[in-house]
Amino acid sequence: MNKILLLIVIACALFLAGCSGEQTGLSQQVNEEDNTSPKQGETDENDDAPAEETEVDEEDTPSKHVEEETNTEPFEIDTATYEDGELTIHYPQLNEMQNKNIEQEINTLIKEDATLFIEQYHGSDSSLVMNYEILLPNADTFSIQYTGDYHGGMYPTSLLFTTTIDWKKGEKVRLSDKYVIDAGFIEKLRNAPYIDWENPKEPNQEKQAAIVEYLNTFNLQTLIDAITKADYPNPEENPYGVFSYFLDDAVIISIQVPHALGDHAEFKLKLNDLVKK
């Protein structure tokens with residue numbers, strides 16, 4: 001009897017030891033699988049977790065800030081109108097600028113130029129309507145180009161004048177304020193590409209040749225004086241009707257010419273070719 005009891009005890013002990021070993025082996029296997037890194041070519045499921053994808057806020061990256069600053073306009077533009085009998089000119093007025101003093105100064109400069117130009121036709125019964133276009137509004141300076149037709153003679157006369165403003169300083173900018181007007185400038189002007197405003201895609205070659213010939217009738221000093229006086233809106237200070245407006249990499253020079261040649265002619269000069277003051 002005692003022998004049988006001893007065998008039962010031994011068997012139970014062996015059974016319990018085996019179960020304990022299996023549990024230990026299973027626990028070790030689970031721990032090893034949890035600590036195993038993905039093999040090469042396999043993807044960890046956590047790689048695509050949303051938290052990891054949104055760790056970097058795109059709005060805080062430098063490139064995003066540069067893009068926003070580039071595309072941010074420093075002001076908004078409204079249109080104002082000045083009328084004097086049959087004379088009408090539409091001109092821009094700035095608003096929403098942070099510096100209200102500069103905003104007021106700029107708006108005053110713009111209005112003065114617009115009214116001063118159109119008042120040279122005061123007292124005429126003929127009609128004139130001038131409209132405007134803003135050029136390069138995202139730069140430190142922007143140009144306003146005014147165009148219109150004056151019906152005061154046997155045929156309409158096409159008019160063009162401009163105003164360029166440094167919106168950071170609240171000042172008007174004339175061509176001679178920025179660049180040296182000398183013999184070198186005139187030489188570049190004589191050889192600059194001609195812009196046919198009446199047919200820009202296919203410039204009239206005969207008209208171009210006639211305009212160049214017309215400019216060659218002026219001596220060097222006369223042209224230097226004419227370009228130096230550019231951008232004044234009244235003919236007393238700007239007798240040759242020379243105006244300028246700026247693009248990203250060039251300046252357009254507009255010169256008054258006879259009606260048969262188009263009333264005004266434009267030439268494009270690269271800014272890199274000009275001598276800064």
Side-chain angles (χ1 to χ4, degrees), residues 73-153 155-175 195-200 229-238 240-248 251-257 259 262-266:
E73 294 187 0
F75 48 78
E76 294 182 1
I77 297 173
D78 290 332
T79 297
T81 300
Y82 172 81
E83 294 181 321
D84 180 5
E86 295 295 320
L87 310 177
T88 301
I89 186 167
H90 305 290
Y91 57 92
Q93 292 285 267
L94 277 52
N95 59 44
E96 302 300 330
M97 288 190 70
Q98 292 183 353
N99 191 321
K100 291 301 179 181
N101 290 330
I102 288 183
E103 179 182 286
Q104 184 176 1
E105 291 173 1
I106 291 174
N107 286 337
T108 300
L109 288 172
I110 293 173
K111 181 179 180 180
E112 286 178 349
D113 263 19
T115 55
L116 189 58
F117 179 84
I118 205 167
E119 281 179 353
Q120 65 182 292
Y121 301 96
H122 177 75
S124 172
D125 294 331
S126 301
S127 64
L128 169 60
V129 177
M130 300 289 291
N131 293 302
Y132 73 88
E133 178 183 359
I134 297 288
L135 304 168
L136 205 61
N138 289 330
D140 291 350
T141 61
F142 65 93
S143 295
I144 311 166
Q145 181 194 77
Y146 298 88
T147 55
D149 292 330
Y150 176 60
H151 300 268
Y155 38 73
T157 301
S158 177
L159 303 176
L160 179 149
F161 84 98
T162 62
T163 299
T164 297
I165 298 290
D166 184 326
W167 60 264
K168 285 189 174 181
K169 297 179 180 179
E171 299 175 350
K172 179 178 176 179
V173 179
R174 297 174 56 244
L175 182 65
I195 301 174
D196 189 346
W197 64 269
E198 293 180 299
N199 194 10
K229 296 176 182 178
D231 301 319
Y232 284 110
N234 57 324
E236 289 78 12
E237 294 179 280
N238 185 8
Y240 293 93
V242 181
F243 293 95
S244 66
Y245 58 90
F246 291 89
L247 305 177
D248 289 329
V251 60
I252 308 299
I253 308 296
S254 176
I255 302 175
Q256 183 177 322
V257 296
H259 177 73
D263 295 321
H264 55 87
E266 282 69 57

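Scope of the values below: all heavy atoms of this structure, side chains included, with no hydrogens, waters or symmetry mates. FYI, the numbering just counts along the sequence from 1. Just so it is clear, the model here is predicted, and its values are computed rather than measured.
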Using ring centroids (six-membered ring only for Trp), state whether Tyr91 and Tyr132 fall under 6.0 Å. no
Those residues at least two apart in sequence (or on a different chain) that pass salt bridge (charged side-chain N to carboxylate O under 4.0 Å, His left out) with Asp196 are Lys207
Sorted by chain and residue number, the side-chain hydrogen bond (donor to acceptor under 3.5 Å, both in side chains) partners of Ser127 (sequence neighbours excluded) come out as none
- What class does the angle between the rings of Phe142 and Phe75 fall in, given that below 30° is parallel, 30 to 60° is tilted and above 60° is perpendicular? tilted
[Y] versus [X], side-chain donor and acceptor atoms under 3.5 Å:
X: Ser124; Y: Tyr150; result: yes
X: His259; Y: Thr157; result: no
X: Glu266; Y: Ser254; result: yes

Exactly one candidate in Thr141, Asp113, Asp231 meets side chain to side chain donor-acceptor pair (under 3.5 Å) with Lys172; the answer is Asp113
For Leu160 and Gln145, what are the C-alpha separation, side-chain angles and deciding distance, and is it a side chain to side chain contact (heavy atoms under 4.5 Å, CB included)?
CA-CA 7 Å; Leu160 179 149; Gln145 181 194 77; 3.9 Å; yes
Rounded to the nearest 0.5 Å, the NE2 atom of His264 sits from the CZ atom of Phe243 at a distance of 11.0 Å
Taken to the nearest 0.5 Å, the spacing of Leu135 CG from Tyr245 OH works out to 7.0 Å
Please tabulate, for side-chain N and O atoms in residues 80-87, each donor-acceptor pair with protein atoms closer than 3.5 Å (sequence neighbours left out).
{"from": "Thr81", "atom 1": "OG1", "to": "His90", "atom 2": "ND1", "distance (Å)": "2.8"}
{"from": "Tyr82", "atom 1": "OH", "to": "Glu119", "atom 2": "OE2", "distance (Å)": "3.3"}
{"from": "Asp84", "atom 1": "OD2", "to": "His122", "atom 2": "ND1", "distance (Å)": "2.6"}

